[in-house]
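Keep in mind that what you see is a predicted model, and the values were worked out from it rather than measured. Atoms within each ligand, like the ligands themselves, are counted from 1 in listed order.
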Amino acid sequence: MNNRPIGIFDSGVGGLTVLKEVAELLPDENILYLGDTARVPYGIRSPETVIRYSFECTEFLLRQNIKLLVVACNTVSAISLHKIREAVSIPVIGVIEPGAAAAVNATKNKRIGIIGTEATIKSSSYVKAIKALDKDIEVSGLPCPLFVPLVEEGWTEGTIARLIAEKYLKDITDREVDTLVLGCTHYPLLKGVIQGVMNDVSLVDSAIETAKAVKYILDGQGSRDILEDRGQGKLKFYVTDSPDKFISVGERFLQQKIKDIEKIEL
Ligand code: DGL
């Protein structure tokens with residue numbers, strides 16, 4: 001039981017921001033990461049399609065005998081997390097609830113901004129999760145679709161990134177939020193640029209909060225009995241398209257070498 005791997009999936013390379021935080025917090029764990037790189041992006045697709053894709057990813061990881069599933073993709077977490085939870089018997093952690101809880105803790109003026117893909121914002125999942133914790137909080141959601149290709153290209157700083165961030169974030173700045181949730185796997189890579197545009201605003205990184213939730217669940221509320229207690233955990237990667245691009249972009253996300261990688265069919 002202890003040394004079964006944790007499974008993490010995302011539409012592509014972005015979920016590596018979540019993997020990085022989980023691996024840092026739980027370095028003894030074996031982790032399997034699946035990036036559905038042949039079908040990314042999910043954030044512009046219909047809910048039906050996102051649900052279908054996410055079940056295929058889930059079923060693949062369940063076949064690898066994982067002990068816990070992390071849905072690193074905000075779009076999937078927003079649209080099909082509850083359906084996945086209903087369908088499987090292992091714990092399933094998404095990125096919305098941990099991010100929402102951290103934002104509620106951080107806000108002082110009770111005005112929170114959410115940025116994410118069009119599908120995530122349209123689902124209102126962050127708004128619902130925040131309102132469930134404090135109904136008096138005002139939540140403003142804003143899709144920032146260009147941020148994903150910008151990060152995939154590695155343009156995470158410089159004039160182009162700053163101009164796009166300024167243009168998108170103006171709406172949110174006008175609403176005087178004091179807390180902004182980076183509600184997409186890719187956005188933590190743009191933290192520097194976003195913080196530059198929104199000086200005094202607290203940025204909530206769902207990846208860090210999700211890693212804490214994984215640890216909390218594995219600790220079994222005080223008991224670490226399903227945690228792996230051997231030495232260094234191993235990372236294994238699966239992709240649905242050629243590994244080359246994933247490796248070059250992914251190593252930047254992860255800040256370490258991607259060695260054990262396999263192309264699979266879902
Ligand atoms: N992983 C997606 C998310 O966090 C971003 C990329 C995509 O649209 O698939 O919403």
Visitor: Please report the interatomic distance CD(Glu262) to CG(Leu32), rounded to the nearest 0.5 Å.
Guide: 10.5 Å

Visitor: Answer with yes or no whether Gly14 contacts ligand 1, where contact means a heavy atom under 4.0 Å from a ligand atom.
Guide: no

Visitor: Say you draw a straight line from CG of Leu266 to SG of Cys57; how long is it, rounded to the nearest 0.5 Å?
Guide: 5.0 Å

Visitor: Between Phe246 and Tyr33, what is the ring plane arrangement, given parallel below 30°, perpendicular above 60°, and tilted in between?
Guide: tilted

Visitor: May I have the step-by-step check of side-chain contact (heavy atoms from CB on, under 4.5 Å) for Tyr238 and Lys263, ending in yes or no?
Guide: CA-CA 6 Å; Tyr238 299 97; Lys263 179 172 179 285; over 6 Å; no

Visitor: After noting the C-alpha distance and the side-chain angles of Arg39 and Glu56, does the key distance pass the salt bridge (Lys or Arg N to Asp or Glu O under 4.0 Å) rule?
Guide: CA-CA 12 Å; Arg39 302 189 293 195; Glu56 287 169 3; 2.8 Å; yes

Visitor: Report the part of Thr185 (side chain from C-beta onward, or backbone N, CA, C, O) that has a heavy atom under 4.0 Å from ligand 1; answer both or neither where that applies.
Guide: both

Visitor: Quick one: does ligand 1 sit under 4.0 Å from the side chain of Val76, the backbone, both or neither, non-hydrogen atoms only?
Guide: neither

Visitor: Between Asn74 and Tyr126, is the side chain to side chain donor-acceptor pair (under 3.5 Å) condition met? List the steps.
Guide: CA-CA 10 Å; Asn74 284 258; Tyr126 270 109; 2.6 Å; yes

Visitor: N/O of His186 under 3.5 Å from N/O of ligand 1, yes or no?
Guide: no

Visitor: Which of the numbered atoms in ligand 1 are under 4.0 angstrom from any heavy atom belonging to Asp10?
Guide: 1 (N)

Visitor: Could you find the nearest protein heavy atom to atom 6 (C) of ligand 1 and give me its residue, atom name and distance?
Guide: Ser11 OG, 3.6 Å

Visitor: Please step through side-chain contact (heavy atoms from CB on, under 4.5 Å) for the pair Phe147 and Ile194, ending with a clear verdict.
Guide: CA-CA 11 Å; Phe147 280 173; Ile194 295 170; 4.2 Å; yes

Visitor: Could you work out, for atom 5 (C) of ligand 1, the closest of Gly15, Gly116, Gly12, Cys184 by heavy-atom distance?
Guide: Cys184

Visitor: Without hydrogens or angle criteria, can the side chains of Thr117 and Thr75 be said to hold a donor-acceptor pair below 3.5 Å?
Guide: yes

Visitor: What atoms of ligand 1 come within less than 4.0 Å of a heavy atom belonging to Val40?
Guide: 9 (O)

Visitor: Report the nearest protein non-hydrogen atom to atom 8 (O) of ligand 1: residue, atom name, distance rounded to 0.1 Å.
Guide: Gly43 N, 2.9 Å

Visitor: Can you tell me which residue and heavy atom of the protein come closest to atom 10 (O) of ligand 1, and the distance to 0.1 Å?
Guide: Thr75 OG1, 2.6 Å

Visitor: Number the atoms of ligand 1 from 1 as they appear, then name those within less than 4.0 Å of a heavy atom of Pro41, with their elements.
Guide: 7 (C), 8 (O), 9 (O)

Visitor: Heavy-atom contacts under 4.0 Å between Thr117 and ligand 1: side chain, backbone, both, or neither?
Guide: side chain

